[in-house]
Amino acid sequence: MYLEELIFLIVLVVVIALYRNYKGQNVGKFITTQVQGLYDRFAPYSFKEVREKTKELGQEYTAKQYMVQVVIMGAFAAVVSYLYFYNLFVSLIYMIVVIMFIPYLSYLRCKRVYSEFIFEQIQVYTSNTIMEFATTQSFVKALEGVRNSGILEDPVKSDVDHMIELAYQNGSIEESLTYMSQLYPYYIVKNMHQLFLQITKEGARNSMDSLDNMQLDIDMLVESVYRDRIERASFHKSFLQFGVMLYLLVMLTQYLLGRETYLIMLERWYVKVLLHGVLIINTYFLLKGEKYYNENVGAE
């Protein structure tokens with residue numbers, strides 16, 4: 001018996017033993033609980049923060065969805081790598097490595113959901129502050145009106161509270177504007193704050209035209225961002241399909257060469273190195289695409 005088949009059988013026996021030991025429990029729930037414990041212990045604070053907000057928004061995957069993701073990705077990795085090397089041990093290694101990337105993919109998805117939420121909150125903050133200012137002609141009163149309206153959620157709501165505190169402590173709005181602009185570096189935030197600072201220093205005369213133009217800028221930005229999301233989603237789907245097809249090119253290679261010729265070639269070390277390189281580069285290509293799709297959503 002080959003070594004790789006022996007190792008595969010050992011792993012299979014361990015899985016069966018675990019199942020029998022925990023047959024009175026939900027095995028999937030047991031595994032999920034253990035993984036969740038590792039997340040809570042080792043995950044960086046940024047991951048915990050965005051994941052918690054994703055849960056609040058009702059967009060976090062359930063344990064069942066994560067298990068389905070593990071099964072699909074693990075099975076795909078095992079099948080593809082076996083078609084490349086016809087080696088159960090190599091397939092097992094690739095399957096484990098791919099499953100280990102699932103927390104990273106989860107982090108990217110949570111970051112996307114979180115950034116979309118933050119952008120929507122910033123849109124609400126800027127639009128409603130402008131409308132409140134048009135009525136009150138006071139930046140602090142406008143902030144208080146937006147806060148008291150109940151339309152903002154944390155963390156933006158807490159940051160607006162802090163802006164109001166800074167304004168009353170300092171007797172001016174400059175530090176408040178600097179604080180918010182650094183925390184949320186969207187150009188609509190910086191431009192709005194600059195406009196309010198200018199109005200405050202030079203007086204509120206003829207400010208309505210400037211406020212109306214700022215509101216139009218916000219509306220145009222929101223429209224472009226949502227259009228970008230639709231285009232990204234469409235590109236993401238095509239990108240994944242293309243990536244999967246690249247993995248399966250080995251089947252075309254075997255068809256052209258013949259399976260027996262392909263197996264003879266596999267006995268050469270440099271062919272194995274080349275095939276490993278193909279898998280690794282294609283996987284890196286897919287991960288970079290996932291990173292691009294999930295990051296900087298709503299940024300200018």
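Side-chain atoms are counted along with the backbone in the values below, which use heavy atoms only and exclude waters and symmetry mates. Remember, predicted model here, so these are calculated numbers, not experimental data.
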task: May I ask you to test the L248-V80 pair for a side-chain heavy-atom distance under 4.5 Å?
output: yes
task: Please examine the side chains of R229 and F119, heavy atoms only from C-beta on, and report whether any two atoms are closer than 4.5 Å.
output: yes
field: pair V90-Y82: side-chain heavy atoms closer than 4.5 Å
entry: no
message: For F242, is the CZ atom crowded, meaning more than 12 foreign heavy atoms sit under 6.0 Å from it?
response: no
- prompt: Knowing that exactly one of D154, D161, D159 qualifies, which makes a salt bridge (charged side-chain N to carboxylate O under 4.0 Å, His left out) with K157?
  reply: D161
Gap separating the CD atom of Q65 from the OG atom of S106, nearest 0.5 angstrom: 11.0 Å
query: Is any side-chain heavy atom of F117 closer than 4.5 Å to a side-chain heavy atom of V156?
result: no
- request: Could you tell me whether the side chains of S181 and Y186 share a donor-acceptor contact shorter than 3.5 Å?
  value: no
message: Cation-pi check for Y86 against R259: NZ or CZ below 6.0 Å from the six-membered ring centre and within 45 degrees of the axis, yes or no?
response: yes
query: Strictly under 6.0 Å, is that where the ring centroids of Y184 and Y179 end up?
result: no
- line: Residues passing the salt bridge (charged side-chain N to carboxylate O under 4.0 Å, His left out) test with E223, sequence neighbours excluded, are R227
message: Just verifying a value: how many Å separate I151 CD1 and N128 CG, rounded to the nearest 0.5 Å?
response: 3.5 Å
message: Salt bridge check, E290 against R112: does any charged N sit closer than 4.0 Å to a carboxylate O?
response: no
task: Check the surroundings of atom CD in E260: do more than 12 heavy atoms from other residues, nucleotides or ligands lie under 6.0 Å from it?
output: no
statement: CE of M95 to OG of S81, rounded to nearest 0.5 Å, is 8.5 Å
- prompt: Hey, is CZ on F101 packed in by over 12 heavy atoms from elsewhere, all under 6.0 Å?
  reply: no
- request: Mind telling me whether Y293 and H236 have parallel, tilted or perpendicular rings, with 30° and 60° as the class edges?
  value: parallel
- request: Taking only Lys NZ, Arg NE, NH1 and NH2, and the carboxylate oxygens of Asp or Glu, determine whether E132 and K141 approach each other closer than 4.0 Å.
  value: no
field: OH (Y284) with more than 12 external heavy atoms under 6.0 Å
entry: no
- prompt: Do the ring centers of F76 and Y247 come within less than 6.0 Å of each other?
  reply: yes
- prompt: Do you know which two heavy atoms are closest between A77 and Y94, and how far apart they sit?
  reply: CB-O, 3.9 Å
field: R51 and Y114, any side-chain heavy atoms less than 4.5 Å apart
entry: no
- line: CZ of F139 to CZ of F133, rounded to nearest 0.5 Å, is 8.5 Å
field: Pairwise side-chain contact, L152 with R147, heavy-atom cut-off 4.5 Å (strictly under)
entry: no
field: 4.5 Å side-chain heavy-atom contact, Y84 and M251
entry: no
task: Measure the spacing between CD of E116 and CD of Q59 and express it to the nearest 0.5 Å.
output: 7.0 Å
- request: Using a 4.5 Å cut-off on heavy atoms from C-beta on, say whether the side chain of K190 contacts that of P185.
  value: yes
